[in-house]
Number of protein chains: 2
Amino acid sequence: MAKILVVDDDRELQENIVEVLAEAGFDVCAASNGEEALEQLATTAIDLVLLDSIMPGMNGMETLPQIKRAYPQAKIIMMTAFSTVDSAVEAMRKGADDFITKPFKIDEIIMAIRRSLEEAKFAACQEMLNMDDMFKCLANAIRRKILFLIKEEGRQRFMDIARKLEIDDHTKVNFHLKVLKEANLLEQDGRKAYQLTPQATKIVACLNSISEA
Amino acid sequence: MAKILVVDDDRELQENIVEVLAEAGFDVCAASNGEEALEQLATTAIDLVLLDSIMPGMNGMETLPQIKRAYPQAKIIMMTAFSTVDSAVEAMRKGADDFITKPFKIDEIIMAIRRSLEEAKFAACQEMLNMDDMFKCLANAIRRKILFLIKEEGRQRFMDIARKLEIDDHTKVNFHLKVLKEANLLEQDGRKAYQLTPQATKIVACLNSISEA
DNA sequence: CTAGGTTGAGAAGTTTTCTTCACAAAAATA
DNA sequence: TATTTTTGTGAAGAAAACTTCTCAACCTAG
């Protein structure tokens, strides 16, 4: 279930939107201005922000780039009663994913939300589908063994890896370590010991959870 | 944190073991006999069972094979005050992972637990390392796209898959679908529509979580 | 400093994987 | 029923991946 943050200083409109979106099946929370929005985002995983452009304190146009910078995965739909081509273009260039004019119809905002959430899902799938190097790496059994050896026993030096995996031909180990480095799954520290990259750590933990499920 | 179930009708000993294991950092729960143990296992993910062999009602030797059958991933350490070679061999043959004689020292039981849990972790890693077909499947981009298309849009017929992935050459699609079927990631229903196997569903969900983290 | 061990690189040979082609079988439609 | 469309098979060719070999650079120990 997608989590949506409604940011608007008009308390009545805000509550109206929250109620309607909740009825439409979304998990909704609210903030009255930019500062509150950033606070909410800091503690809650938000999928999409409905952001009013005119608010006292930090307004929508000022808040937008800050949210985009700190929470790039969150989709942002800018709402405004005073829309011009210039303000629309400015908002989109600052990172808004959509732009909607008040007063709007309910199904209009719901459709915009659904479209933006769909785009977010698509982007997440694309990112994973594009991890070609990583998938090609994991196709090879020796390389899987190397990753798990390092996960289980910590960083390893070249000949330790070869010995523990019982591979006599060091050049075979060298080839596979090179492939792992080029795929950004392994890196070397000051002593040339091999360790997992953050990405590899994530992947190995995830794959481990398949066996446990 | 490993979850341990202590099964013993001697209430004082049971509480003693629970307390000591909790202090050693384990998450512990208890049962007084075989029936209670099976009930607990039905509602809680247990990593390891400490199972007394002599209990009223369903005793340890009767409970052991039932646990092993229903919860094969759970490690079982059999405890007994009346140990003979025969009883030890019988317990191990029925699936116990270790066998320990009462009265035992605390560090003795903790060491046995640690050893068994380490073996469980090693077995989980081995299972995953051996999923060669699956990993080789995921190395190919077209096959990843097929899996995600079906995850996102539900079961698909042959030409629908080709059309949605914009692949003109149907024999290319056919080849990759065949590889996915042979790796037990895809199966066909009565109308020949392709759907994910339970295993594939698990894997795709897991890989999806990498992008979201 | 020298010799041996460790680590790494590049080329050639071998194996595996993928794509394409020709054809066939099954299902759907007119 | 005949024709068209959909789905599937196997072989050959092409591309990618892996293994082996030779050599080199660097590090360590005596």
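None of the values given here were measured: they were computed from a predicted structure. Every chain is numbered from 1, with letters handed out A, B, ... down the list of sequences.
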Produce the list of close N/O pairs, under 3.5 Å, pairing protein atoms with atoms of nucleotides 4-10 of chain C; give distances to one decimal.
{"from": "C:dT7", "atom 1": "OP2", "to": "A:Met159", "atom 2": "N", "distance (Å)": "2.5"}
{"from": "C:dT7", "atom 1": "O4", "to": "A:His170", "atom 2": "NE2", "distance (Å)": "3.4"}
{"from": "C:dG8", "atom 1": "OP1", "to": "A:Gln188", "atom 2": "NE2", "distance (Å)": "2.8"}
{"from": "C:dG8", "atom 1": "OP2", "to": "A:Tyr194", "atom 2": "OH", "distance (Å)": "2.5"}
{"from": "C:dG8", "atom 1": "N7", "to": "A:His170", "atom 2": "NE2", "distance (Å)": "3.2"}
{"from": "C:dG8", "atom 1": "O6", "to": "A:His170", "atom 2": "NE2", "distance (Å)": "2.9"}
{"from": "C:dA9", "atom 1": "N7", "to": "A:Asn174", "atom 2": "OD1", "distance (Å)": "3.4"}

Worksheet item: Got a sec, which residues hit side chain to side chain donor-acceptor pair (under 3.5 Å) with B:Lys172, two or more places apart in sequence or on another chain?
Response: none
Item to complete: Report, as a single string ordered 5' to 3', how protein heavy atoms within less than 4.0 Å touch nucleotides 11-19 of chain C: B base, S sugar-phosphate only, - not at all.
Response: ------SSB
Fill in: B:Gln66 side chain vs B:Thr63 backbone, donor-acceptor pair below 3.5 Å
no
Discussion item. My understanding is that only residues two or more places apart in sequence, or in another chain, count here; which of them pass side chain to side chain donor-acceptor pair (under 3.5 Å) with A:Asp98?
Written reply: A:Arg115
Practice prompt. Quick one: closest heavy-atom pair of A:Arg114 and A:Ala24, and the distance?
Written response: NH2-O, 3.5 Å
Worksheet entry | Exercise: identify the closest heavy-atom pair between A:Ile46 and A:Cys29 | CD1-SG, 3.8 Å
Discussion item. Of all nucleotides in DNA chain D that come within under 4.0 Å of a heavy atom of chain A, which is furthest toward the 5' end and which toward the 3' end?
Written reply: D:dA17 to D:dT22
Worksheet item: Do the side chains of B:Asp47 and B:Ile4 get nearer than 4.5 Å, heavy atoms only?
Response: no
Worksheet item: Among side-chain atoms of B:Gln195 and B:Glu187, is any donor-acceptor pair under 3.5 angstrom?
Response: yes
Discussion item. So for atom CG, which belongs to A:Asp168, do other residues, nucleotides or ligands contribute more than 12 heavy atoms lying within a distance under 6.0 Å?
Written reply: no
Discussion item. If we count only N and O atoms by modelled type, under 3.5 Å, do the side chains of A:Tyr194 and A:Gln156 hold a donor and an acceptor together?
Written reply: no
Item to complete: Mind listing the closest non-hydrogen atom pair of A:Ala37 and A:Leu5 along with its distance?
Response: O-CD2, 3.9 Å
Worksheet item: Between the two ends of the helix from C:dC1-D:dG30 to C:dA30-D:dT1, what is the bend in degrees, rounded to 10 degrees, where each end axis spans five pairs?
Response: 30°
Discussion item. Tell me the closest heavy-atom pair linking B:Leu64 and B:Ala91, and the distance in Å.
Written reply: CD2-O, 3.3 Å
Worksheet item: Nearest heavy-atom pair of B:Leu147 and B:Val204: which atoms, and what distance?
Response: CB-CG2, 4.3 Å
